[in-house]
There are 2 protein chains.
Amino acid sequence: MTETTRPLRRDAQRNRERILLAAHDVFAARGFAATLDDVAHHAGVGVGTVYRRFPTKEALIDALFADRLEDLVSLAEDALALPSGWDGLTMLLRRTIEMHAVDRGLRDAALCIGIGKHHFAEVGEHLLPLLQEVIGRAHAEGSLRADVGINDLPIIMATVTDLARHSGGGRPEIYRRFLELIIDGLRAAPGNGDLGPALTQDDVEAIVHDCVPPIEARRRG
Amino acid sequence: MTETTRPLRRDAQRNRERILLAAHDVFAARGFAATLDDVAHHAGVGVGTVYRRFPTKEALIDALFADRLEDLVSLAEDALALPSGWDGLTMLLRRTIEMHAVDRGLRDAALCIGIGKHHFAEVGEHLLPLLQEVIGRAHAEGSLRADVGINDLPIIMATVTDLARHSGGGRPEIYRRFLELIIDGLRAAPGNGDLGPALTQDDVEAIVHDCVPPIEARRRG
DNA sequence: AGAAAGTGGAGGCGATTCCTCAACTTCCCC
DNA sequence: GGGGAAGTTGAGGAATCGCCTCCACTTTCT
């Protein structure tokens, strides 16, 4: 409000971009568990430079992911553009998983959507109604089993991307196979068992908090 | 071969049992990631005592789990005693998950079965043929989809028990719900998608190695 | 050329885990 | 009941890891 931000010196600007580039790679590989030291090393700059530009890990994460989360919103819009609700839902699942498997940082960021963990929880205001509609369309056409709801989506995402991580980057067939298995479980079918009551918002928050590495380190005391 | 093992002194014997009792609890809660210091503290003895009795974490794990893994074998036998192959398979899945959700150490041990990670890989010689038969029966009766095989079982186990851990001990409904979803995905059904080629033994080993904490700490250099 | 901005990376700090060791205690057997 | 072997203890050494600071040095800008 009261500040004018000075333009960066040319070398500083160049380094800032190098850092973002390196951070992209490092966070893709390690998710929020990446360290700023690691980023600095990959960028070929000193750690001090990284900390001068991005005083906390959170600031760097913001710069990296804030707009990329919008891609998920357009993905959901694409899903709604498909005529079939089922195809919309499954396309959304498959493509989201692919994005998250390739970039674990994006996965961690996306899981923070809709929970109180980080301020890009705000993206949820755009995304959640869209997801709700994706689910609703599939319910309406009777293709998605009735006892599956929006709160199951983060769990599926977290689980399948965890498997993707454990199986390394080399064999995407593995997590894809597992996702297809789950997708077949989502189908409304006569023989299906009973899933019981839906997950609560609190359930999801607790699980996601536990699945995503902490963004802020312990502050020195 | 050449040694006679001396009987323990009475206090040592008492302490050994205390340690095993404490280890049961600590490993149930933390799995192979439990520390021997933690066990000592819970047992109310000094760490030195634990290290004297169980020189490595592996020795303690052996003493804790070697025979309990046999329970999984009898569970598989129970599954084969059921008239329906499908019921056998799903009963096996459900009950194994319950055991592993309650005792994370048992989960870690069970995941080592059949891979070269620990010598109770040998239990696999008893267990794997039984599992193969559980799967085979369900295939034969046409209830289990044909493109699911024995190598999918460890993945399902690892995934669902991971979810159980992330959701804390308080809400078993959560992992049960997810397991039921997967079970419904396992059913042979006309609309099912294609899972692609089965997992290889190597796939499973790589994933399990990555999912189970290392048993041996880094040796001092 | 001088001042302001930026840089590097060794190293302090605190946390975590492993495991040892030497002073002390308990037990067992004669 | 006494001697010596067996057992116990827990502080602390050593290694690792991640966060972040600090200040002597370099680069840019005017």
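Reminder, nothing fancy here: chain letters follow the sequence lines and each chain counts from 1. On a predicted model such as this, the values are computed, not experimentally measured, just so you know.
- Residue-level contact check: Thr35(A) touches the backbone only, with heavy atoms under 4.0 Å from sugar-phosphate atoms and none from bases.
- Whole-Å rounding puts the His41(A) NE2 to dG8(C) P distance at 12 Å.
- Salt-bridge check for Arg177(B) with Asp152(A): passed, with a basic side-chain N closer than 4.0 Å to an acidic carboxylate O.
- To the nearest angstrom, C1' of dG6(C) lies 11 Å from CD1 of Ile19(A).
- With a 4.5 Å cut-off on side-chain heavy atoms, Met99(B) and Leu72(B) count as touching.
- A sub-4.0 Å separation between OP1 or OP2 of dG6(C) and a side-chain N or O of Thr49(A) is absent.
- The pair Arg165(B)-Asp210(A) fails the salt-bridge criterion, with no side-chain N (NZ, NE, NH1 or NH2) lying under 4.0 Å from an Asp/Glu carboxylate O.
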With salt bridge (charged side-chain N to carboxylate O under 4.0 Å, His left out) as the test, would you mind laying out the steps for Asp184(B) and Arg145(A) before giving the verdict? CA-CA 11 Å; Asp184(B) 285 335; Arg145(A) 59 195 298 170; 2.8 Å; yes
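- The CG atom of Asp37(A) sits 12 Å away from the C1' atom of dG11(C) (whole-angstrom rounding).
- Other residues, nucleotides and ligands place more than 12 heavy atoms under 6.0 Å from the NE2 atom of His209(B).
- Residue contacts for Arg53(B): at a heavy-atom cut-off of 4.0 Å it reaches the sugar-phosphate backbone alone, with no base atom in range.
- Checking Tyr175(A) against Glu98(A) by side-chain atom types alone, a donor-acceptor pair falls below 3.5 Å.
- Rounded to 10 degrees, the angle between the two end axes of the helix from dA1(C)-dT30(D) to dC30(C)-dG1(D) is 0°, with five pairs used at each end.
- Atom-to-atom, CZ of Phe54(B) to C1' of dC19(C) comes out at 16 Å; the value is rounded to the nearest Å.
- A side-chain N or O of Asp203(B) and one of Thr200(B) form a donor-acceptor pair less than 3.5 Å apart.
- A distance-only check finds a donor-acceptor pair linking the side chain of Thr56(A) to the backbone of Ala59(A) [under 3.5 Å].
- Distance check, rounded to the nearest 0.5 Å: CG of Asp162(B) to CD1 of Ile207(A) gives 11.5 Å.
- Whole-Å rounding puts the Glu58(B) CD to dC19(C) P distance at 12 Å.
- OP1 and OP2 of dG7(D) both lie 4.0 Å or more from every side-chain N or O belonging to Asn15(B).
- Atom CG in Asp38(B) sits roughly 15 Å away from atom C1' in dG10(D) (whole-Å rounding).
- If you take CZ of Arg18(B) and P of dT9(D), they are 8 Å apart, rounded to a whole angstrom.
- Of the two residues near DNA chain D, Gly48(A) and Ala34(A), the one whose nearest nucleotide lies more 5' is Ala34(A).
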Going 5' to 3' through nucleotides 25-30 of chain D, assign each nucleotide B (protein heavy atom under 4.0 Å from a base atom), S (under 4.0 Å only from sugar-phosphate atoms) or - (no protein heavy atom that close). --BSS-
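- Spacing between atom CZ of Arg52(A) and atom P of dT7(C) amounts to 7 Å, rounded to whole angstrom units.
- OP1 or OP2 of dC18(C) has at least one side-chain nitrogen or oxygen of Lys57(B) nearer than 4.0 Å.
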